[in-house]
Amino acid sequence: MTYAHETRRRRTFAIISHPDAGKTTLTEKLLLFSGAIQIAGSVKARKASRHATSDWMEIEKQRGISVASSVMQMLYRDHVINLLDTPGHKDFSEDTYRVLTAVDSALMVIDAANGVEAQTRRLIEVCRQRDTPIITFVNKMDREVRDPLDILDEVERELGMPCVPMTWPVGQGKSFGGIVNLRTQAMTVFESGSERLPQDFETIPLTEQGQLAKRFGQEWQTAMDSMELATGASPAFDEAAFLAGKQTPVFFGSGVNNFGVMEVLDALVDLAPAPRPRTSNLLVNKQTVVKEIQPEDSAFSGVVFKVQANMDANHRDRIAFVRMASGKYTPGMKLKVQRSGKELRPTSVVTFLSQRREAVEEAYAGDIIGFTTHGGVQLGDTITDGANLQFTGLPFFAPELFMTVILKNPLRTKQLQQGLDQLGEEGAIQVFKPEIGGPMLLGAVGQLQFEVVQHRLKAEYDCDVRLEGCQYTGARWITADSPADLREFTNAYPQRMSLDAAGTLAYLCTSPYDVRLAQERFPKIHFHPLREHAGLALGSAG
């Protein structure tokens, strides 16, 4: 039994950018154009009751930023499109990093006035490491922006790959006339307004050169000259190079005005890849064998790339977001969590339109489905319908910032423990429990993570906490050549030992010299700045 027909219809991509480049707005418009939602909510209009569909958490509505990645599924041109909106803020880069392990391509949004910004660089790095194909959308062309040739040049430098223009802008800012579509050889005329649909824009074929030159004057001539330069300097679109992450097709437009968005949606169907094979470790006679799992295989397999607690405040549930790697899901299937060997019994299984959920009738490789559970599932868990295999590659980074958790009301200790367990398993923050006892430590990549966790402990677990600074500035997960070596090390540094949410042993340090000195004293101990899921595979020592 093969599911090739269904998997070929799937497109699973993440939308990435620096904060304020217009990513969440573009997400809304893609949903609007595919017919998934009837009305797009502006992210900036915080006073309005209509918030962006993809920003559901209370703190996001207050601040006007995305702090949790969200998943949306839509149907367009007989294709099932799974869109993952990621947090743009650097303090949540871990969540974004993990989301990027669950997609087959990425849509990068660039602010035409600011070009490639710091957070975009970080995300590009992740995509490059995984050879993820990237489609680029240059947004906000209706503002005063930089020259398009300039932007292309910068994208090429930063991405380290050639750009292939698919659309080209005519004018910018107040004199923005529209875009020339190089694929259809026609110009779409720009009109501002956030309620327009694709069919509302006027289209003129490029064969009407005279009419276009007369109507758009100098802007038309300048656009034709720069377009000629850009296409002359760029390679032709090469599907194999794009799929290998070696070139990026570029589109221009204005997300807030629904302009240039349709072209991006079409490109996702026409150019972006269907689900690809995924590497897994298979246990055969107690030996680990690396095997490639094909999306069209009949056996169900998937990996948990995100766990979100309390999406529904009334039910205190937890949702494990699973990227399906192979097979077909149908309700009532018997599934197993590979790490624990336990059967997974979800109370419900859903697909998402941000907060709206629908029960899954069937799902295939490439789809993102949510298992509602009350525990027993962690980030990075492999779920199958029986086969003993383990997907790898879901990273946890050693935190760079630490705070001690002080509970204001000692009678809420049980609630605090539950809250930290769940938020730790979710990956919202890293929780370290000192081996010698004492207050719990929170480790984060960015300061904002602490604020979000403090807010959520109060709102979701009724725990008022104070966060205080502590002497630690880093952590390294540790492994040893033998149990005796590990014992000797932990006896030497009892006050530095702690366990993280997955029960993996970590050494807390107050400066980079700590690690160096400890390494010199105990050469048989390995210090890891990165760990993969549940301590199964630890990154290179360092």
Side-chain angles (χ1 to χ4, degrees), residues 22 25-26 29-30 32-35 40 76-77 107 109-113 115 135-153 155 162-237 247-271:
T25 304
L26 186 64
K29 303 309 174 140
L30 291 169
L32 183 69
F33 281 15
S34 68
Y76 178 68
R77 280 177 42 194
L107 172 59
V109 186
I110 287 177
D111 182 324
I135 292 172
T136 302
F137 180 68
V138 181
N139 196 15
K140 306 189 182 179
M141 287 308 297
D142 55 321
R143 310 253 184 103
E144 291 309 316
V145 295
R146 286 162 51 183
D147 182 271
L149 284 169
D150 236 24
I151 293 168
L152 285 199
D153 194 43
V155 171
C163 291
V164 183
M166 292 288 182
T167 64
W168 195 256
V170 177
Q172 50 150 282
K174 289 191 171 63
S175 57
F176 181 45
I179 50 172
V180 171
N181 188 331
L182 294 154
R183 294 171 78 202
T184 59
Q185 290 292 299
M187 176 173 171
T188 308
V189 181
F190 175 72
E191 278 184 65
S192 75
S194 59
E195 306 303 325
R196 292 181 178 282
L197 290 173
Q199 59 272 25
D200 300 337
F201 293 109
E202 182 190 355
T203 306
I204 305 167
L206 291 192
T207 45
E208 306 278 334
Q209 283 280 346
Q211 185 195 336
L212 289 161
K214 190 174 166 190
R215 185 161 165 188
F216 297 102
Q218 188 53 48
E219 298 294 351
W220 172 256
Q221 202 41 60
T222 307
M224 287 304 97
D225 293 345
S226 63
M227 187 169 93
E228 207 173 306
L229 276 173
T231 51
S234 310
F237 177 72
Q247 63 166 231
T248 177
V250 181
F251 297 81
F252 291 84
S254 163
V256 76
N257 289 296
N258 299 5
F259 191 77
V261 176
M262 204 61 182
E263 290 75 1
V264 172
L265 202 47
D266 282 327
L268 284 164
V269 168
D270 299 335
L271 312 178

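Note that the structure is predicted; figures quoted are calculated from it, not measured.
Within the 4.5 Å cutoff, side-chain heavy atoms of Leu26 are placed close to those of Leu107. Leu30 places none of its side-chain heavy atoms less than 4.5 Å from the side chain of Tyr76. Side-chain contact between Met187 and Phe216 is present, with at least one heavy-atom pair separated by less than 4.5 Å. You'll find the side chain of Leu182 reaches within 4.5 Å of the side chain of Met227, heavy atoms only.
With salt bridges taken as basic N to acidic carboxylate O contacts below 4.0 Å, one links Asp270 and Arg77.
Within 6.0 Å of the CZ atom in Arg143, the count of heavy atoms belonging to other residues, nucleotides or ligands does not exceed 12. Around atom CD of Gln209, more than 12 heavy atoms belonging to other residues, nucleotides or ligands sit under 6.0 Å away.
Heavy atoms only, all atoms of each residue included: Glu219 and Ser175 are closest at OE2-OG, 3.1 Å. Here the closest heavy-atom approach between residue Leu149 and residue Ala230 is recorded as CD2-CB, 3.7 Å. Taking both residues in full, the closest heavy atoms of Val180 and Trp220 are given as CG2-CZ3, 3.9 Å, listed atom of the first, atom of the second, then distance. Residues Leu271 and Pro249 share a closest heavy-atom pair of CD1-CG, 4.1 Å. Contact record, Ala112 with Val138: CB-CG1, 3.6 Å, taken as the closest heavy-atom pair. Closest approach of Asn139 and Gly22 over heavy atoms only: ND2-CA, 3.7 Å.
Distance check: Thr248 OG1 to Leu152 CG gives 10.0 Å after rounding to the nearest 0.5 Å. Note: Phe137 CZ to Ile110 CD1 = 11.0 Å, rounded to the nearest 0.5 Å. Distance check: Met141 CE to Trp168 CH2 gives 8.5 Å after rounding to the nearest 0.5 Å. In this structure, the separation between CD on Glu208 and CZ on Arg215 is 11.5 Å, given to the nearest 0.5 Å. Atom-to-atom distance recorded for Phe251:CZ and Ile179:CD1 is 9.0 Å, nearest 0.5 angstrom. Annotation: the span from Thr136 atom OG1 to Met166 atom CE amounts to 10.5 Å, rounded to 0.5 Å.
A donor-acceptor pair is defined here as one N or O able to donate and one able to accept, closer than 3.5 Å; such a pair exists between the side chain of Ser234 and the backbone of Cys163. The backbone N or O of Val189 sits nowhere less than 3.5 Å from a side-chain atom of Glu202 that would complete a donor-acceptor pair.
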CA sep, side-chain torsions, deciding dist, call: Met262, Thr188, side-chain contact (heavy atoms from CB on, under 4.5 Å) = CA-CA 11 Å; Met262 204 61 182; Thr188 308; over 6 Å; no
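Under the 30°/60° scheme for interplanar angles, the aromatic rings of Phe190 and Phe176 are found to be tilted.
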